[in-house]
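Take a look at the structure set out below.
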Amino acid sequence: MEVGATAATSEGNGKSIAINVKFTGKSIPITIPCDSTVKDLKSLLQPLTNVLPRGQKLIFKGKVLADEMTLAASEVANGAKMMLMASQGLHQGGGPILREAKPRPRERSIQNENKLVDVKQRVSVDKSRLERWKATGVIALSDSNLKAIPNEVWSCETSARVLDLSHNSINHVPSQVGCLSSMQKLLLNVNEISEESISWDGLAFLKHLTVLSLSHNLLTTLPSALGSLTSLKQLHVANNKLMSLPDEIRFLTRLEVLKVSNNRMSIVPSTIGECSSLTEVDLSSNLLSELPESLGCLLNLKALHLSHNGLRSLPCTLFKMCIHLSTLDLHNTEVTIDLLRQYEGWEAFDERRRLKHQKQLDFRVMRQADFDEGADKH
C-alpha cells in the first residue's frame, strides 16, 4: 500500500497515514486521516473483523487507546503497528473473522456420510410406502441419506401436502416440484442447495405453500420469484450465505414468521414493511448496521431478534407503532439499554414485556430468572 513518505502529526491537516492492526494472527492494513479519532478507526475495523467497536481494545505501545483521542494526539504515525483485542461475544455475524475460514460443519454423522446414495442412483420406494404417502399426504424422507429426490415423489402429485427432505445431501430441486400443486409444507433444511440448483419456477406453482424451510444450505441470494408464493406464512432461511432479501418480499402479505439469522446480510429492504402479517422476525447474527424505518409499519409484530449485528439505532417509530411487540433481543449490538430508553413508546413496550415475563413465571413455562432487559447495559 503506497502512502506519503511522512505523515504530519498536527490535527486538521487532512493527510492520511497507513497503519497495520494485528488481529487473530493476521495483519490488517488501514489507511486513515491522521486527525481521525480512535473511535473512527474502530468503525473502519468493524466490517474487517466483525468485532463491534465497543468490543475492540486497540493497544499501541503498551497502552489502550481511548476512543475520543485522535490518532495524531495518540502519537500514531505513518507505518505504526498496533494490536486489536476483542471482547468475547461483542461481534456481528457469526463471530470474529479468523485467519482462515472454518469449514462448514456437517449436520450428519460420518457413518451416515459413508452410506449416502450416489446421485445417479435413485432410491427405490416400495409400493406400500408410496400408497401410504398418497393416503396421508405426508412424504417423510428426512435423514434418509439422499443425494437426489426419488422419482416416486413426483407421482404423488395433488395428494402430497407435506414433503420433508431435511438432513440429506440433496443438491438439486427440479422443476417437477411444481406438480405437487397441493403442497403446504416443503422442508429442505440441512442439504446442499444453492440458488442455481433449485427451480424457483417450479416452486411458483405451489400456490398453497404455507411453510418453506431452507435453513442450513448454500444460498447466497433469493430470487424475485419468491414473491409469487403469496400463501407463505413461514419462511426459514437461516444459516445460509444470504446478503439480502428481494424487494418482492412485499408480496408475502400473509407471512407471519421470517427467520434469516446467521447470514451475511448488510441491508434489509424497505419493502419488508408491507409484510403486514409478520409477528416474528429473526435477523440475528448478520452484518446489519441499520434497519429500514418501514419496520415500524409491522403493526402485528410481537418478537424481533437482532442480536450480533452492528446496529447503532432502531427505527424511530418501532415502539410507538408496533404496539404488540413484547420480545426484543439486541444483545451484542451497539444499541444499549440506555439508548433504548430514549425512544418514544419505550415505556409502553417495557410494560408489555414485563407483563409477558410475569405470565411466563405464573404459568411455570420458565424457571425463576432475572428479567432480561433485551440489550446490553454498556
Closest approach of [X] to [Y] (non-hydrogen atoms, all atoms of both residues):
X	Y	value
S27	P29	O-CD, 3.5 Å
K377	I337	CA-CG2, 3.7 Å
I97	L48	CD1-O, 3.4 Å
I249	P269	CG2-CG, 4.4 Å
V138	W133	O-CD1, 3.4 Å
D376	T333	OD2-N, 4.3 Å

> Is D350 paired with R341 through a side-chain N to carboxylate O contact shorter than 4.0 Å?
Replying inline: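 Judged by the 4.0 Å cut-off on N to carboxylate O distance, R341 and D350 do not form a salt bridge.
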>> Between E290 and R312, does any side-chain N to carboxylate O distance fall below 4.0 Å?
In response: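 Not counted as a salt bridge, because no side-chain N and carboxylate O are separated by less than 4.0 Å.
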Counting only heavy atoms not in [X] (residues, nucleotides, ligands), do more than 12 fall under 6.0 Å from its [atom1]?
X	atom1	result
F205	CZ	no
Q234	CD	yes
K81	NZ	no
R254	CZ	no
E344	CD	no
E75	CD	no
R264	CZ	no
L339	CG	yes

Atom pair [atom1]/[atom2] of [X] and [Y] - distance to nearest 0.5 Å:
X	Y	atom1	atom2	result
K63	M69	NZ	CE	9.5 Å
I28	L84	CD1	CG	7.0 Å
S285	M265	OG	CE	12.0 Å
L252	L226	CG	CG	5.0 Å
T158	K134	OG1	NZ	9.5 Å
D164	N189	CG	CG	8.0 Å

Can any side-chain N or O of [X] pair as donor or acceptor with the backbone N or O of [Y] at less than 3.5 Å?
X	Y	value
S215	A238	yes
N300	S277	no
S144	S142	yes
S284	S307	no
E293	C316	yes
S231	K207	yes
S182	S159	no
N240	L219	yes
T70	A73	yes
N217	L188	yes

Would you say [X] and [Y] make side-chain contact, with heavy atoms under 4.5 Å?
X	Y	value
L65	M82	yes
L291	L318	no
Q56	L45	yes
L311	L330	yes
L287	P47	no
P246	F251	no
L141	P150	yes

> Do L283 and V268 pass the side-chain contact (heavy atoms from CB on, under 4.5 Å) test, and can you show the C-alpha distance, the side-chain angles, and the key distance before you say yes or no?
Replying inline: CA-CA 9 Å; L283 295 165; V268 176; 4.0 Å; yes
>> Checking E280 against K302 for the salt bridge (charged side-chain N to carboxylate O under 4.0 Å, His left out) test, could you report, in this order, the C-alpha distance in whole Å, the side-chain angles of both residues, the deciding distance, and whether it holds?
In response: CA-CA 6 Å; E280 180 179 359; K302 295 180 180 178; over 6 Å; no
> How far apart are the C-alpha atoms of N309 and Q92, what are their side-chain angles, what is the distance that settles it, and do they pass the side-chain hydrogen bond (donor to acceptor under 3.5 Å, both in side chains) test?
Replying inline: CA-CA 4 Å; N309 278 287; Q92 62 182 13; over 6 Å; no
>> Under the ring pair (Phe, Tyr, Trp, His ring centres under 6.0 Å) definition, can you give me all pairs with a residue in residues 270-311, not counting sequence neighbours?
In response: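 Sorted result for residues 270-311: H91-H308.
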>> Walk me through whether E334 and R54 qualify under side-chain contact (heavy atoms from CB on, under 4.5 Å).
In response: CA-CA 7 Å; E334 294 289 282; R54 64 190 182 90; 3.1 Å; yes
> Quick one: which of D40, V38, L58, T37 gives a side-chain contact (heavy atoms from CB on, under 4.5 Å) with D67?
Replying inline: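 Running side-chain contact (heavy atoms from CB on, under 4.5 Å) over D40, V38, L58, T37 with D67 returns exactly one hit, V38.
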>> Using the side-chain contact (heavy atoms from CB on, under 4.5 Å) definition, which of the options L165, N171, L218, L214 pairs with I193?
In response: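 The passing option is L214.
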>> What verdict does the side-chain hydrogen bond (donor to acceptor under 3.5 Å, both in side chains) test give for D338 and T336, after you've listed the backbone C-alpha separation in whole Å, the side-chain angles of each residue and the deciding distance to 0.1 Å?
In response: CA-CA 5 Å; D338 288 339; T336 62; 5.1 Å; no
> Do the rings of F319 and F349 sit parallel, tilted or perpendicular, given the 30° and 60° boundaries?
Replying inline: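 Because their plane-to-plane angle is under 30°, the rings of F319 and F349 count as parallel.
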> Can you check side-chain contact (heavy atoms from CB on, under 4.5 Å) on L314 and L306, steps first, answer last?
Replying inline: CA-CA 10 Å; L314 292 175; L306 298 166; 3.9 Å; yes
> Any side-chain donor paired with an acceptor under 3.5 Å for K356 and T327?
Replying inline: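 Yes, a side-chain donor-acceptor pair sits under 3.5 Å.
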>> One pair to check against side-chain contact (heavy atoms from CB on, under 4.5 Å): L163 and L187. What are the steps and the verdict?
In response: CA-CA 6 Å; L163 175 56; L187 311 177; over 6 Å; no
> Given D201 and S199, is the side-chain hydrogen bond (donor to acceptor under 3.5 Å, both in side chains) satisfied, shown in steps?
Replying inline: CA-CA 5 Å; D201 290 337; S199 173; 5.5 Å; no
